[in-house]
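A quick write-up on the structure given underneath.
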Amino acid sequence: MEISETEMELLELQADILKMLANPKRLAIIHILRDKERTVGELINITGYPAANISQHLSLLKSKGLVVTRREGTYIIYALSSPKLDQACDIMREVLMEQLEHKKNLIAKAV
């Protein structure tokens, strides 16, 4: 089977997004934004991360199209660009939970 140019481009984009998600702080932000849109201040209060840190992560997430913004008065409100992003993270968590359970079962059998 040969990979088409279009498929290769899609795989490169997917790898780029997965690199973006390979950070626990960015995953935490995505997890928080799953329920509702938030301001930077709300994200700081919820996570306890420094403002500069939150802003940097939000900027990266926005640059890759994972979050979108809107202005409300003097506030910038952040939201997930697609609910499918949250679903993808949930599926990955389910896979990891299955792996953890499998490892626990193996350890229990060995003891």
Side-chain angles (χ1 to χ4, degrees):
M1 179 176 112
E2 199 170 306
I3 297 177
S4 71
E5 188 176 322
T6 302
E7 183 65 22
M8 190 52 136
E9 185 178 339
L10 183 60
L11 290 170
E12 288 173 9
L13 289 170
Q14 184 178 11
D16 198 34
I17 294 299
L18 290 173
K19 283 184 225 172
M20 180 62 52
L21 295 176
N23 181 290
K25 289 183 179 179
R26 287 193 284 271
L27 286 173
I29 291 168
I30 288 170
H31 187 73
I32 292 164
L33 293 175
R34 74 187 301 167
D35 295 329
K36 70 177 196 170
E37 54 190 20
R38 308 269 185 174
T39 64
V40 171
E42 289 173 315
L43 289 167
I44 291 167
N45 289 335
I46 293 167
T47 63
Y49 302 150
N53 201 272
I54 288 285
S55 293
Q56 180 184 26
H57 288 298
L58 286 169
S59 176
L60 288 169
L61 290 167
K62 185 177 178 187
S63 74
K64 296 298 179 185
L66 301 178
V67 297
V68 293
T69 59
R70 68 179 178 82
R71 185 171 287 280
E72 192 173 286
T74 59
Y75 296 100
I76 297 176
I77 313 293
Y78 290 84
L80 294 181
S81 61
S82 169
K84 290 180 181 177
L85 177 60
D86 184 46
Q87 293 168 355
C89 288
D90 282 347
I91 290 168
M92 193 64 204
R93 288 180 76 144
E94 289 173 17
V95 168
L96 294 171
M97 292 296 286
E98 289 171 2
Q99 288 178 352
L100 276 175
E101 191 62 35
H102 179 71
K103 285 180 184 178
K104 286 180 185 177
N105 289 339
L106 289 176
I107 291 170
K109 288 178 184 177
V111 175

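We use all heavy atoms of the structure for the numbers below, so side chains are in, but hydrogens, waters and symmetry mates are not.
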side-chain contact (heavy atoms from CB on, under 4.5 Å) between Leu21 and Leu66, intermediate numbers included = CA-CA 10 Å; Leu21 295 176; Leu66 301 178; 4.1 Å; yes
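For the pair Ser55 (side chain) and Ala52 (backbone), a donor-acceptor distance under 3.5 Å is absent. At distances below 3.5 Å, not a single donor-acceptor pair connects side-chain atoms of Thr69 with backbone N or O atoms of Ile76.
With rounding to the nearest 0.5 Å, the separation of CG in Leu13 from CD in Glu9 is 5.5 Å. Atom CZ of residue Arg93 and atom CG of residue Asp86 lie 9.5 Å apart, to the nearest 0.5 angstrom. Atoms CD1 and NE2, on Ile46 and His31 in that order, are 10.5 Å from each other to the nearest 0.5 Å. Atom CD of residue Glu12 and atom CD of residue Glu7 lie 11.0 Å apart, to the nearest 0.5 angstrom.
Tracing side-chain contacts under 4.5 Å through hydrophobic residues (I, L, V, M, F, W, Y), one never reaches Met92 starting from Met20; they form parts of separate clusters. The hydrophobic clustering, which links ILVMFWY residues whose side-chain heavy atoms are closer than 4.5 Å, places Ile54 and Tyr75 apart.
Of all the heavy atoms in Asn53 and Lys25, the pair that sits closest is OD1-CD, 3.4 Å. The shortest heavy-atom contact between Ser81 and Gly65 is OG-O, 2.7 Å. The minimum heavy-atom distance between Val67 and Tyr78, with the atom names listed, is CG2-CD2, 4.2 Å. In terms of heavy-atom proximity, Arg38 sits nearest to Ile32 at NE-CG2, 3.8 Å.
By the 4.5 Å heavy-atom criterion applied to side chains, Leu33 and Leu61 are not counted as neighbours. Residues Lys64 and Arg26 form no side-chain contact, since every pair of their non-hydrogen atoms from C-beta on lies 4.5 Å or further apart.
Of the residues listed (Asp90, Ile29, Leu85), the one engaging Arg34 in a side-chain contact (heavy atoms from CB on, under 4.5 Å) is Asp90, and it is the only one. Of the listed residues (Thr74, Ile44, Ile77), just one forms a side-chain contact (heavy atoms from CB on, under 4.5 Å) with Thr39, and that residue is Ile77.
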